[in-house]
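Per chain, numbering begins at 1; letters A, B, ... match sequence-line order. All of these numbers come straight from a predicted model, not from anything done at the bench.
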Number of protein chains: 2
Amino acid sequence: MPEIHNHSTCVQTALTQAAQLCTERGVQLTTIRQQVLELIWADHHAVKAYDLLERIKPLQAAAKPATIYRALDFLREQGFIHRVESLNAFIGCCDLKTAHEQLLLICKKCENVEERHADLVMQALAQELQKAKFIAHSKAIEIHGLCADCTQ
Amino acid sequence: MPEIHNHSTCVQTALTQAAQLCTERGVQLTTIRQQVLELIWADHHAVKAYDLLERIKPLQAAAKPATIYRALDFLREQGFIHRVESLNAFIGCCDLKTAHEQLLLICKKCENVEERHADLVMQALAQELQKAKFIAHSKAIEIHGLCADCTQ
DNA sequence: AAAGTTATGTTATATTGTAACAATTATTTT
DNA sequence: AAAATAATTGTTACAATATAACATAACTTT
Ligand SMILES: [Zn+2]
Ligand SMILES: [Zn+2]
Ligand SMILES: [Zn+2]
Ligand SMILES: [Zn+2]
């Protein structure tokens, strides 16, 4: 993610596509679910569940942990967000349309999380899995370090 | 990991090498630390911190969460174990001698965790990181699915 | 409208992990 | 060996993350 970009388009795209996919799939993008998705897309940082809980309370006074975790479960099932395993946190998926594996680059300094498709990595990984005769159901590749903007 | 193998050699190798490396490095493989390492090596499953706590209590009656987490911190710093981020759990490292990245294959059925070096994957990943101008400090690649033994 | 399904409210609790300070043990210096 | 220093462990308290279970409400289908 470049340090400066028109982030409102990121958010708009994500919300529009999510709404569209929900319609197509016959599932409900309820108010709570949409609000959580919007809060996750506030920036390109990974967000923790209890931070989301605090942030949604002005909008949903009755919100409890289960409120958030249920919304997160839904958004994950639909592929709208990813869980960052190594942070116990969540980020918006940058490509809702195509199912894909996630390579996450997590910057220690600015805390941005960049999602990349990294086809060559996935290809090499597929070969390695074949060698191991391992049938993959889900893959998480998470790299911690310094992003391009923070190493200049 | 083949379903049937002489596991006592896995454990012996790990403990012997750990003891040797601690001597070389001038750090202490205390009783508690060695016991935790042994408990982790009980099998090739990932172990949770509080399971370790229960299992060490017969040996260390005074054991508390901090007891376990401190030992885990030490063992991780020394590279004797890995944390499985997607499980909040820990496994013994199968190659103490050479520093290396971890590709973990986690079987949903038998729960075995196999660690592979996967040089080709790491090479492709290094290229991708260069493209992204990202300086990696740590890498976690965790694949969930079915292992060779469990797909037959 | 009634029945069935999906989503939310609510309470309680389980799981995972740290902070802080005291006491002890090991190592180094005098 | 004694004293000083550093490393480890004991202990208490609590923070952070996540789920279970059951009641209520809101949508969908018949
Ligand atoms: Zn953006
Ligand atoms: Zn950065
Ligand atoms: Zn073994
Ligand atoms: Zn298996």
[X] has an atom [atom1]; how far is it from atom [atom2] of [N], in whole Å?
| X | N | atom1 | atom2 | value |
| --- | --- | --- | --- | --- |
| F74(A) | dA7(C) | CZ | C1' | 11 Å |
| Q78(B) | dA7(D) | CD | P | 13 Å |
| Y69(B) | dT12(D) | OH | C1' | 17 Å |
| N88(B) | dA16(D) | CG | C1' | 12 Å |
| I68(A) | dG9(C) | CD1 | C1' | 14 Å |
| R70(B) | dG10(D) | CZ | P | 8 Å |
| D73(B) | dT16(C) | CG | P | 16 Å |
| E77(B) | dA7(D) | CD | C1' | 12 Å |

Within residues 29-65 of chain B, residues whose heavy atoms come under 4.0 Å of DNA chain C: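 Within residues 29-65 of chain B, the residues near DNA chain C are K48(B), Y50(B), P65(B).
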ILVMFWY cluster, L52(B) and V113(B) together (side-chain gap under 4.5 Å):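 No; V113(B) is not reachable from L52(B) via cluster members.
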Nearest-nucleotide 5' precedence on DNA chain C, L87(B) against A66(A):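 Closer to the 5' end of DNA chain C: A66(A).
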Between E142(A) and E85(A) (side chain of the first, backbone of the second, donor and acceptor by atom type, cut-off under 3.5 Å), is there such a pair? yes
With a 6.0 Å cut-off (strictly less than), is the heavy-atom count around CD of Q130(B), excluding the residue itself, greater than 12? no
Using a 6.0 Å cut-off, check whether atom NZ of K108(B) has over 12 heavy atoms from anything other than its own residue.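 Yes, enclosed.
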By nearest heavy atom, map T67(B) and Q28(A) onto DNA chain D; which one lands nearer the 5' end?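 The residue mapped nearer the 5' terminus is T67(B).
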Can you confirm if the aromatic rings of H137(B) and H144(A) lie within a centre distance of less than 6.0 Å?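 No - the distance between ring centres of H144(A) and H137(B) does not fall below the 6.0 Å cut-off.
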Give a yes/no on whether any side-chain N or O of R83(A) is located under 4.0 angstrom from OP1 or OP2 of dA18(D). yes
Fit a plane to each ring of H100(B) and H117(B), take the angle between them on a 0 to 90° scale, and name the class: parallel (under 30°), tilted (30 to 60°) or perpendicular (over 60°).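 Rings of H100(B) and H117(B): parallel, as their planes differ by under 30°.
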Have D95(B) and T98(B) got a donor and an acceptor in their side chains that come within less than 3.5 Å? yes
